[in-house]
Amino acid sequence: MNFYSKILNLQNFDFNTFFKNVTKSQIFKILEKNRIDENDFLALLSPVAEDYLEDMAQKSKILTQNNFGKTISLYTPLYLSNYCKNRCVYCGFNTESKQLRKQLSFDDVYKEASIISSTGLKHILILTGDSREKSSVQYIKKCIEILKEFFDSIAIEIYALETDEYKELNDAGADSLTIYQETYNESLYKDLHLKGPKRDYEYRINAPERGAVAGMHSINIAALLGLDDFRRDAFFTGIHADYLQQKYPAVEIGISMPRIRPVDGGFKPLHNVSDRNLLQFITAFRIFMPRCGITISTRENEKLRDNLLPLGVTKMSAGSTTTVGGHSDSEDESKQFEISDKRSVSDMMSAIKSFGYQPVFKDWEQLNL
Amino acid sequence: MNDFLEIGNIKLKSRLFTGSGKYSDDSIIPDVLESSGSQVITVALRRVDFNANENVMTHIPKDTVLLPNTSGARNSEEAIRIARLARSAGCGDWIKIEVIPDNRYLMPDGYETVKATEVLANEGFIVLPYINPDLIIGKQLHSAGAAAVMPLGSPIGSNRGFRTEEIVRIMIEEIDLPIIVDAGIGKPSDATKAMEMGAAACLVNTAIAVADNPVLMGRAFGNAVKSGRDGFLAGIGAQNTNASASSPLTGFLDE
């Protein structure tokens, strides 16, 4: 069984009826439990549970401190290429966008790595668009080999691969895989991914598992919030994380909670996801999976990130750019999306410290056995 | 009274081991060591950036015994590799083996831990393995050359206290090695309970590191461990479940 087959039956689940039947006393009982199940998690995502958001936040904060301490891990994204064959309607890199297309040369990768590394960061996330021709597995592998000199942990956020390809990149030094399903709603997925390899919903939804089989140390998944009703995609992200953790107990599973940001072409989110909604997702997920990482990126603004910091978050990006070559050159028009929190790594460190938390650059190192 | 815990030819006056993770600021570590009296601190080797000007090691006073741990190892091979790296990085010969293939509860793998212990003890390491309380694994670790055995009190980071009491009691009685209760101890009184029972030491990280006042909590744990130890040494009286029976069952013998 894979995750696709697990959630087939749930695609037509009547969320509205479930939510209508959630009672306040049920939420109260759930918050008293040590361990909650999928149904409890969904109940915590219900509109009724919003009245208990303060209690959820209190519980989430304690669980996070006990499991992760008063620490926030930092990383930054490094865009290698924006060539892309997909037509994802919400993305600035989509194949029909008139953006300038670029791919870093190996010298450029070295240059970007030196600049990022001078900020002290030790964990990096590398990204490409979806173009096997331009950004082949071999190209990415070579980039990883260059980056290994500078960073202790390298995560990849690239097009979905086969298991043996993930293994090849893992052997080369990539220890983490980030891959977002964007939306778990299969029919909506088809409407939003009009063209290109990414249109294959099933291939993408099983990609995190292929990464786990290939030996990745950590796997990070997400839905892009604002495509479907957030409660639904939040639930599916949570049970996807739980599925992976159950089946691959040695793998560190984490989730991100990206909300749609403005892009060229002006895609408007189909659903509004408020700050309150985002916090409900963070705290419900923390209570459901106390040991999983939660990433909040620079998509969110400074003030909100500061406020969310103690409530369940374990990882944040800093000094981010979504432009290919953006760490060494000034940013041009070819970005994937607008970032919101523009603080540098050192500003981010000061902010984290001012909240009584420790910014962590290194919490893992890939060892080649 | 001279009451030392001797491990690997080092005589320790304090029976509280501390951790170095989860602090809001590592620069508080020297103050915690001082207030708690702890002489041993564990460090996750994979989290130390030896190339940085400042890392957790720079905050650990030189006279503290370093207990690097193999956190992040999923099998014996990885644990062995990390132990060797720790030694070559100048962290000394002590090693706390953590082989954890379960990210949900952070439960250790006893079988892989025994394998790693055997290899590393043969290489001259002072091996302190972290395990789920288990008498047989404990005995195997003894045969494999462990210097102490560290059963968990409850899952790491749970702060749920000394939940494994009954099994740890058996280990204390049956295994001829120091038994150090590690993980899950949430309150000073949990540590006292373990020490009263005859545990050789306690390792406490989360409860101190995430306290509002880690220095004060360090002192509380230092006192709690000492108090429990004193109670154990003084010989706590047996607890009777009944008052003395007015009609003794053996009374007929005197009739």
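Here is how names work: the chains are called A, B, and so on, in the same order as the sequence lines, proteins then strands, and each is numbered from 1.
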Heavy atoms from other residues, nucleotides or ligands near NZ of Lys61(A) exceed 12 (cutoff 6.0 Å) = no
ask   = Should the heavy atoms of other residues, nucleotides or ligands under 6.0 Å from NZ of Lys6(A) be counted, would the total exceed 12?
value = yes
key: Asn103(B) side, atom CG; Met289(A) side, atom CE - distance, nearest 0.5 Å   = 8.5 Å
query = Is a donor on one side and an acceptor on the other found under 3.5 Å between the side chain of Gln358(A) and the backbone of Asp25(B)?
reply = no
ask   = Which region of Ala73(B), side chain (C-beta onward) or backbone (N, CA, C, O), has a non-hydrogen atom less than 4.5 Å from a non-hydrogen atom of chain A, or is it both or neither?
value = neither
Part of Leu63(A) within contact of chain B (heavy atom distance under 4.5 Å) = neither
query = So which of Gly186(B), Ser71(B), Ala207(B), Gly72(B) has the largest heavy-atom pair count under 4.5 angstrom toward chain A?
reply = Gly72(B)
request  = Specify the closest pair of heavy atoms between Ala250(A) and Arg74(B), including all atoms of both residues, with the distance to one decimal.
outcome  = CB-CD, 3.4 Å
query = So which heavy atom on Gly356(A) is nearest to which on Ser24(B), and how close?
reply = O-CB, 2.7 Å
request  = Would you give the length of the straight line joining atom CG of Leu106(B) to atom CZ of Arg291(A), rounded to the nearest 0.5 angstrom?
outcome  = 3.5 Å
key: For Lys22(B) against Gly69(A), the heavy-atom pair lying closest together   = CB-CA, 3.3 Å
ask   = So does Tyr180(A) have more than 12 non-hydrogen atoms from other groups sitting under 6.0 Å from OH?
value = yes
request  = Look at Asp49(B) together with Lys122(A) and state whether they make a salt bridge at an N to O cut-off of under 4.0 Å.
outcome  = yes
query = Does CZ belonging to Phe355(A) count more than 12 external heavy atoms closer than 6.0 Å?
reply = yes
Heavy atoms from other residues, nucleotides or ligands near CD of Glu118(B) exceed 12 (cutoff 6.0 Å) = no
query = Just wondering, do Asp363(A) and Arg46(B) contact through their side chains at under 4.5 Å, heavy atoms?
reply = no
request  = Give a yes or no on whether Lys303(A) atom NZ has more than 12 heavy-atom contacts from other residues, nucleotides or ligands under 6.0 Å away.
outcome  = no
inquiry  = Can you tell me which portion of Leu85(B) sits under 4.5 Å from chain A's heavy atoms? Options are side chain, backbone, both or neither.
reply    = side chain
query = Hey, does the side chain of Arg47(B) reach the backbone of Lys362(A) with a donor-acceptor pair shorter than 3.5 angstrom?
reply = no
key: Portion of Arg104(B) that has a non-hydrogen atom of chain A nearer than 4.5 angstrom   = both
task = Inspect the surroundings of CD in Glu34(B) and state if more than 12 heavy atoms from other residues, nucleotides or ligands are less than 6.0 Å away.
result = no
